[in-house]
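Below is one structure, written out as structure tokens, with a few remarks after it.
Numbering starts at 1 and runs along the sequence shown. No experiment lies behind these values; they were computed from the predicted model shown.
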Amino acid sequence: MTPDHGEILAWILSLPSPVRVVYEAGPTGFGLARFLLASGIDTVVAAPSKLQRPSGDRVKTDAKDALHLARLLKLGEVTGVRIPSTDQEAARDLVRSREDVRGDLMRSRHRISKLLLRQGLVYSGGQAWTGTHELWLAGQRFDNPARQLTYESSLEAMHEISDRRDRLDQAITAMAYSSEYTPVVRALQCLRGISTLTAFGLAVEIGDWDRFTGSTIGAYLGLVPTEHSSGASRSLGSITKTGNSHARRLLVEAAWHHRRPYNNPSRLMRSRWEEATSEARIRGHAGNRRLHERWISYLERRKRPVIANVAIARELSGWCWSLAAGTHPMPATSPESSASPH
């Protein structure tokens, strides 16, 4: 079909009423859906992972896909995704651009380290990718002109990507504290492991927290185990990994921070509490204690750390929901009056 929204609307209005529109979420984006909804056309953007497809159907064409979508819509079997506003979609694009730059930076660093490794050069002066390490990288020289040019080009590419990452970080930080997402960001930062970038990423990717509960948000993020049960047998497998992969990665990374002891809140944590509401401070303190205690229980049961961390991330998603949605009752104690986790 033509990409012109006006021509699409004219074609839809030429059809016999009533008319409903459905298309799969993908590169088409949400602009068409917003335009049709503003024009009074009932429009649904279908979640591709939730569409039912016959296992024996091996023929896939555009016409068959369109007919299949229309049938599912008539039967009420289409799971629609939330359509963000223009500003929300722009904020999400900014966060995902930063995620792409993170991957580019990791790959560029791998190229440099593997190039040096092939020449028998391994850095042993401490932690890699610090200021000292970069000085060591700048001092490496090769006799072969082709290899020297390759190395210099790789270093230049890494520095360019680092500059892009820093600019995006500054833009995200500015938006996190001066936008509609600021209250959610302040609340989420009351939990350990939730930095400004992580809090803003979760706020943008999840958007409307009220559409979930503490027990359903883990399933939305793909943090619940797969299950194959029949009769009296019940078999659980690895996590489903459905839903928003970016938000899931942020939570899994944040969950590792709760393994460390939580005897007293750090100075950074207390500074974040000062910017949040009293309810968020109380809730965040309770969450930090609870999640560390869960880590201890998993370690005592000799659970593999990677498996235990995913379980912590699943529970962390519930705590994030309780802070962002603000629907859970607050405990009677305050973080100032109860600083110890035990």
Side-chain angles (χ1 to χ4, degrees), residues 1-53 61-100 168 171-172 174-185 188 199-213 216-217 219-221 242-247 321 324-327:
M1 296 185 70
T2 173
D4 183 78
H5 293 173
E7 293 186 20
I8 295 176
L9 178 61
W11 175 78
I12 293 173
L13 294 177
S14 68
L15 299 174
S17 61
V19 176
R20 298 183 70 195
V21 175
V22 60
Y23 67 89
E24 292 186 46
T28 308
F30 299 101
L32 176 59
R34 284 193 293 262
F35 175 79
L36 293 178
L37 287 171
S39 302
I41 304 298
D42 185 5
T43 306
V44 179
V45 181
S49 61
K50 298 293 186 180
L51 290 177
Q52 301 178 16
R53 298 186 184 278
T61 64
D62 289 345
K64 292 194 64 159
D65 284 348
L67 184 58
H68 181 62
L69 275 174
R71 286 172 174 165
L72 291 178
L73 182 65
K74 184 176 181 179
L75 294 173
E77 297 295 330
V78 172
T79 302
V81 301
R82 187 182 65 89
I83 300 176
S85 66
T86 304
D87 293 339
Q88 291 170 344
E89 191 174 10
R92 184 182 298 177
D93 289 340
L94 178 63
V95 168
R96 293 182 179 180
S97 176
R98 206 280 183 185
E99 178 76 358
D100 294 338
L168 289 172
I172 289 175
M175 184 176 292
Y177 298 129
S178 60
S179 66
E180 59 182 298
Y181 302 103
T182 302
V184 175
V185 170
L188 294 180
F200 186 74
L202 291 173
V204 168
E205 293 290 351
I206 295 178
D208 183 12
W209 295 80
D210 293 331
R211 57 196 171 124
F212 303 108
T213 64
T216 62
I217 190 170
Y220 168 75
L221 297 172
T242 59
N244 196 301
S245 59
H246 183 201
W321 169 84
T327 57

Do [X] and [Y] have side-chain heavy atoms sitting under 4.5 Å apart?
| X | Y | answer |
| --- | --- | --- |
| Ile206 | Ile217 | yes |
| Ile41 | Leu13 | yes |
| Leu51 | Leu69 | yes |

Exercise: identify the closest heavy-atom pair between [X] and [Y]:
| X | Y | value |
| --- | --- | --- |
| Ala91 | Val204 | C-CG1, 3.7 Å |
| Ala199 | Leu188 | O-CD1, 3.7 Å |
| Ala25 | Pro48 | O-CG, 3.5 Å |
| Phe200 | Ser179 | CE1-OG, 4.4 Å |
| Trp321 | Trp209 | NE1-O, 3.2 Å |
| Ala219 | Thr242 | O-OG1, 3.7 Å |

Self-check item: Side chain Ser97, main chain Asp93, donor-acceptor under 3.5 Å
Solution: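 It does not hold such a pair.
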
Self-check item: Thr216 side-chain N/O to Phe212 backbone N/O, donor-acceptor pair under 3.5 Å
Solution: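 Not at all, since once roles are kept as given, no pair shorter than 3.5 Å links the two residues.
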
Practice problem: Could you pull out all residues at least two apart from Asp65 that satisfy side chain to side chain donor-acceptor pair (under 3.5 Å)? | Solution: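 Residues passing side chain to side chain donor-acceptor pair (under 3.5 Å) with Asp65: Lys60.
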
Interatomic distance, [X] atom [atom1] to [Y] atom [atom2] [nearest 0.5 angstrom]:
| X | Y | atom1 | atom2 | value |
| --- | --- | --- | --- | --- |
| Ile172 | Leu94 | CD1 | CG | 4.5 Å |
| Arg34 | Ile83 | CZ | CD1 | 8.0 Å |
| Ile12 | Leu36 | CD1 | CG | 4.5 Å |
| Tyr181 | Met175 | OH | CE | 8.5 Å |
| Glu99 | Arg92 | CD | CZ | 14.0 Å |
| Leu67 | Asp62 | CG | CG | 12.5 Å |

Under the salt bridge (Lys or Arg N to Asp or Glu O under 4.0 Å) test, residues paired with [X] that sit two or more places apart:
| X | answer |
| --- | --- |
| Arg71 | none |
| Asp42 | Arg20 |
| Glu180 | none |
| Glu205 | Arg96 |

Self-check item: Geometric cation-pi criterion Arg211 and Tyr220, 6.0 Å radius, 45° cone
Solution: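 Verdict for Tyr220: a cation-pi partner in Arg211.
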
Self-check item: Summary of ring-ring contact (aromatic ring centres under 6.0 Å, His included) pairs that have at least one residue in residues 26-45, sequence neighbours excluded
Solution: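 Passing the test, one end in residues 26-45: His5-Phe35.
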
Practice problem: Give a yes or no on this: more than 12 heavy atoms of other residues, nucleotides or ligands lie within 6.0 Å of atom CG of Asp4. | Solution: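 Check passes, neighbour count above 12.
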
